[in-house]
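A short write-up of the structure that comes next.
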Amino acid sequence: MSAIHLAQESFNLNPGLSLIGYGLGAIGPGVGVGLIFAAVINGTARQPEAQSKLMSIAWQTFVLVEVLALIGLVLFFIASTGGAPE
Amino acid sequence: MSAIHLAQESFNLNPGLSLIGYGLGAIGPGVGVGLIFAAVINGTARQPEAQSKLMSIAWQTFVLVEVLALIGLVLFFIASTGGAPE
Amino acid sequence: MSAIHLAQESFNLNPGLSLIGYGLGAIGPGVGVGLIFAAVINGTARQPEAQSKLMSIAWQTFVLVEVLALIGLVLFFIASTGGAPE
């Protein structure tokens, strides 16, 4: 039961690298969802009676952007534990 | 049951590096899809009767942007398990 | 049952590094294709009768942007298996 280590230990860097990946993947959706709702606000300021129509477009479409960051969240848990099983 | 390590252990860092790749690949589509739907919302605010025409253009074209992130998702699983078979 | 490790194992990190390259290469096309079609949607909202003319310009030109990401996809498979044959 004895373990003789004559060499340097090494650390599994996958969790840290994975979080860098999630962070990078959150840049784009962060800007994209901001663009969508900024357009809703600008449009509502121009035509207040169009607010409900603009918000319905925005709710349908922002998920297509937000999902890119949530995929990164799922992949973080896959990659930080060593990747998909082969 | 004894393990003698005379050399440094090493870890497979491909999962972490692959997630960095997915994250970088999600930046562009996140911003691009946001730009497309922000344009739809702005156009609908200006001309509410053009909404259906603008949405049909947007649905046809956002997939051309979104697919770049989904290609990154597929390549993540390829690369995190060691790359394409030779 | 004893395992004697006299040398360092090593992993081929080319797949992970290649996916970082694809991800970087997909940032630009993601934003660029989004800009092109956002301009089409804005132009159609302003002059609905110009839609077919604007779309024909966009289809001809978005491939010049999209191809940059697809070149990255091809190069990913070349690089992840160890580079071009010499």
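Source: prediction; values computed, not measured. Chain naming here is simple, since letters A, B, ... match the order of the sequence lines and numbering starts at 1 in each.
- Without hydrogens or angle criteria, B/Asn14 side chain to C/Asn12 main chain gives a donor-acceptor distance under 3.5 Å.
- Minimum interatomic distance between C/Gly16 and B/Ala79 (heavy atoms only, all atoms of both residues): N-CB, 4.4 Å.
- With rounding to the nearest 0.5 Å, the separation of CG in B/Leu75 from CZ in C/Phe76 is 4.5 Å.
- Closest non-hydrogen pair, C/Ala38 versus B/Ala39, comes out as O-CB, 3.6 Å.
- Looking at C/Pro48 and B/Gln47, their side chains come closer than 4.5 Å, going by heavy atoms from C-beta outward.
- With a threshold of 4.5 angstrom between heavy atoms, B/Val33 does not approach chain C through any atom at all.
- Annotation: maximal heavy-atom pairing with chain B below 4.5 Å, among C/Leu70, C/Ile36, C/Leu73, occurs at C/Leu73.
- Residue with the most contacts toward chain C among B/Leu64, B/Ile27, B/Thr44: B/Leu64 (heavy-atom pairs, distance under 4.5 Å).
- Contact of the C/Pro29 side chain with the B/Leu68 side chain is registered, since non-hydrogen atoms from C-beta on lie closer than 4.5 Å.
- How far CD of B/Gln60 is from CE of C/Met55: 5.5 Å, rounded to the nearest 0.5 Å.
- One distance of note links CZ of C/Phe11 with CZ of B/Phe11; it measures 9.0 Å at 0.5 Å rounding.
- Using a 4.5 Å heavy-atom threshold, the side chains of B/Thr61 and C/Phe62 count as separate.
- Remark: C/Leu19 CG to B/Ser80 OG distance equals 9.0 Å, nearest 0.5 Å.
- For the set B/Leu35, B/Val31, B/Ile20, B/Val67, the count of heavy-atom pairs under 4.5 angstrom toward chain C peaks at B/Leu35.
- In terms of heavy-atom pairs under 4.5 angstrom with chain B, the leader among C/Asn42, C/Val65, C/Val40 is C/Asn42.
- Distance check, rounded to the nearest 0.5 Å: CG of B/Leu54 to CD1 of C/Ile41 gives 6.5 Å.
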| request: Step by step, work out the side chain to side chain contact (heavy atoms under 4.5 Å, CB included) result for B/Leu24 and C/Tyr22. | output: CA-CA 8 Å; B/Leu24 287 166; C/Tyr22 167 78; over 6 Å; no

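- With rounding to the nearest 0.5 Å, the separation of CG in C/Leu17 from CG in B/Leu13 is 9.5 Å.
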